[in-house]
Protein chains: 2
Amino acid sequence: MAGVKDVARRAGVSVATVSRVLNDSARVTAETRARVLAAVAELGYRPNAVARSLRTDTTRTIGLVIGDILNPFFTELARAVEDEARGAGYSVVIGNADERADRQDHYVRTLLEQRVDGLLLCPTAEVTPLVRDVVRDGGPLAFLDRTLPGLDVPTVRADGTAAIGALVAHLAALGHRRIAFVSGPALLSTGRERTAAFTAALRACGLPARPEYVQAGDFQAASGRAGAARLLDLPEPPEAIFAGDNLMALGALDEIRARGLAIPGDVALASYDDVPWFTHLDPPITAIGQPVQELGRRAVRALLDRIDGRPVEPVVLDARLVVRRSCGEPAEQGSDETEGRLPR
Amino acid sequence: MAGVKDVARRAGVSVATVSRVLNDSARVTAETRARVLAAVAELGYRPNAVARSLRTDTTRTIGLVIGDILNPFFTELARAVEDEARGAGYSVVIGNADERADRQDHYVRTLLEQRVDGLLLCPTAEVTPLVRDVVRDGGPLAFLDRTLPGLDVPTVRADGTAAIGALVAHLAALGHRRIAFVSGPALLSTGRERTAAFTAALRACGLPARPEYVQAGDFQAASGRAGAARLLDLPEPPEAIFAGDNLMALGALDEIRARGLAIPGDVALASYDDVPWFTHLDPPITAIGQPVQELGRRAVRALLDRIDGRPVEPVVLDARLVVRRSCGEPAEQGSDETEGRLPR
DNA sequence: TTGTACGCGTTATCAG
DNA sequence: CTGATAACGCGTACAA
């Protein structure tokens, strides 16, 4: 494969000059520039980014480790991150942790060895030794969507506390008193936050917080189904089930359908995370939507700020309740802004 | 950041020895190996993959350029590719072409400059000059899902011809005679193949092929909605709409719902590509499912074969019809194997 | 078994 | 404005 040397020879100049026109770093005669460019085209020269990176100690690349590539929330997030990064001249390398700490670490390690300029991490566990080390060594890290307690790392996330409060109030207003939650893992900040917000919201509405009405899941569909099954098997099953993410809502839906139960007649259903198809179910699913695009954009900006040594402060955006009909007919229903919404 | 040199000094050995234990290439005393490993741990040494790649001319990395990261078909594909690659000791770098030829080329170029060992491409257009060059130069390329005419490149894909034939026969058996198709782009092999199979299937069933019943889309939801709108606005609207992929099916669904039409009473709906939530709609959507996991695995194996200089032949798997209820009640319905299926 | 020294393709420094 | 050359971090002949 042709290198700068070949190009130089063919253009009748030195390698230094070739490098200069390729990076338009210094002033070069229009004529020699043309000769070089011609040689580049003729030889089909492709710059070797590996060598370039070794020399410049920069890869123009950022890593993104997401929780689960099959989860639409994360793919939408990845999309937003990628768009913003591309705009800034960076490539994004995505690692799919599959909600496993070991796989997360695998990618963190690999990406660091690849010498990415920065790393966006949606942590899958409390904290692994590797992540602790990276933080200690001041690696170019930022957290996205999820936080890690006690670590001083720039974080971009959405807070669902208010929206969950609104959801529980909505359920209570519709007459539901036995409200259950299929939670995410307690190891994740998002899992904990949503559970805490849920119990606080119950209290605020004067509803009892029954421990058996909080079932632990792992953000995967199967656990949503299992959690719903346990809830529906209770001597006194809940009147409403709130799933901690869209995958678990899908699982809960599976279980509810399998039992031939009606929504919201027999049991109401709501979900954290909003996805396009929620709108098409009968009834459409009430959900809490996160500002995913904005999350992605802000995360990239925060990371680039950190890379460039600019000061960066945490970003917390708000999630919001989208009322549809899966929890019962509201007395007075606002227009559903996402009705008929199309992805992209 | 610590390098081999630092490790060597700390362990009291030469850099060569360090390199040897890191790659367990040659015989090293157990004792020195231990000393080196200790030094590595103490210094928190992280091998520089960039330098290593420059030296070895191999990155243990493959590129994957997909059509659209928001399309569940592609994310599932990416997942399968990643799993298989990881098993073989390779990392996967994903590029999202967003169904645009320019963006596809951007990633092909970038990945090539990054010196990936191989490149899996789901081509977004007939053929771009860049792709032509890469093929001509014998770049380590394989096509996935989509094929490019007249190019001698290993290809792994699914064929839907038989399944589409079965679908049209199914529709005809249910009494539908005016059957329409929202096609993918004619520039894509998958778009062309499905359209050809559709018209052939009509003919096989003795149904007329009306040109106005084939509306061109681009595999994105918005075009599915627009295509459905044009069809439903026809003086003689179709009794059944078959969408060329799951995103366009979502769009068509949007349009049908917006018009207050009943499925399948007013219009039947079917989709190419099967997704988990199809099962939960009322009625559940009849679809054609591809063996996505297998596609991903075979693609990686084919690419690695090519990289290692082993002979590789094209792989064509079969898609299959999954009958649900969105086209009407079949006289005799087989069990739906994917009912209640959970992702992962 | 271990050490020395060269080179991978590029950019950046320093002369000219 | 252009050219010669050192250096980036690592792997590997070759020598010891």
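The structure displayed is predicted, hence computed values, not measured ones. So that the names make sense, note that chain A is the first sequence line, chain B the second, and so on, each numbered from 1.
- Taking atom CZ of residue B/Arg35 and atom P of nucleotide C/dT1, one finds them 15 Å apart after rounding to whole Å.
- Taking only distance into account, the side chain of B/Arg115 never meets the base of C/dG9 through a donor-acceptor pair shorter than 3.5 Å.
- With A/Arg52 as reference, A/Asn23 is the one residue of A/Asn23, A/Thr58, A/Leu22 to meet the side-chain contact (heavy atoms from CB on, under 4.5 Å) rule.
- Between A/Met1 atom CE and C/dT10 atom C1' the separation is 15 Å, expressed in whole Å.
- Rounded to an integer number of Å, the gap from A/Leu54 CG to C/dA12 C1' is 13 Å.
- OP1 and OP2 of C/dA12 both lie 4.0 Å or more from every side-chain N or O belonging to A/Ser19.
- Regarding B/Asp57, its CG atom lies at a distance of 18 Å from the P atom of D/dC10, rounded to whole Å.
- In this structure, B/Thr32 reaches the sugar-phosphate backbone alone: every heavy-atom distance under 4.0 Å involves primed, P, OP1 or OP2 atoms, never a base.
- In this structure, of C/dG3, C/dT10, D/dT2, it is C/dT10 that holds the atom nearest to the side chain of A/Asn48.
- Atom-to-atom, CZ of B/Arg27 to P of C/dT2 comes out at 11 Å; the value is rounded to the nearest Å.
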Next item on the list: Take B/Asn96 and A/Arg86 through the test side-chain hydrogen bond (donor to acceptor under 3.5 Å, both in side chains) and record every step on the way to the result.
Entry: CA-CA 11 Å; B/Asn96 172 33; A/Arg86 184 163 20 76; over 6 Å; no
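- A/Thr124 and A/Glu99 share no side-chain donor-acceptor pair at under 3.5 Å.
- Side-chain to base pairing of A/Arg46 with C/dG9: no donor and acceptor N or O lie closer than 3.5 Å to each other.
- Taking atom CG of A/Leu22 as the reference point, atom C1' of C/dA12 lies 15 Å away to the nearest angstrom.
- The side-chain contact (heavy atoms from CB on, under 4.5 Å) test with A/Val156 is passed by exactly one of A/Asp145, A/Val312, A/Val315, A/Thr147: A/Val315.
- A sub-4.0 Å separation between OP1 or OP2 of C/dA12 and a side-chain N or O of A/Ser25 is absent.
- Atom CZ of A/Arg52 is separated from atom P of D/dA7 by 22 Å (rounded to the nearest Å).
- In this structure, the CZ atom of B/Arg20 is 10 Å from the P atom of D/dT12, given to the nearest Å.
- Taking for each of B/Thr17 and B/Ala51 the nucleotide of DNA chain C with the nearest heavy atom, the 5'-most of the two is the partner of B/Thr17.
- At C/dT11, one or more side-chain N or O atoms of A/Asn23 fall inside 4.0 Å of OP1 or OP2 (strictly under the cut-off).
- Both B/Val13 and B/Arg55 lie near DNA chain C, and the one whose nearest nucleotide falls closer to the 5' end is B/Val13.
- Panel note: side chain A/Thr59, backbone A/Arg115; a donor-acceptor pair is recorded below 3.5 Å.
- Between A/Ser53 and D/dC8, a side-chain N or O to OP1/OP2 separation shorter than 4.0 Å is absent.
- Contact annotation: B/Tyr45 side-chain N/O to D/dC10 OP1/OP2 distance is under 4.0 Å.
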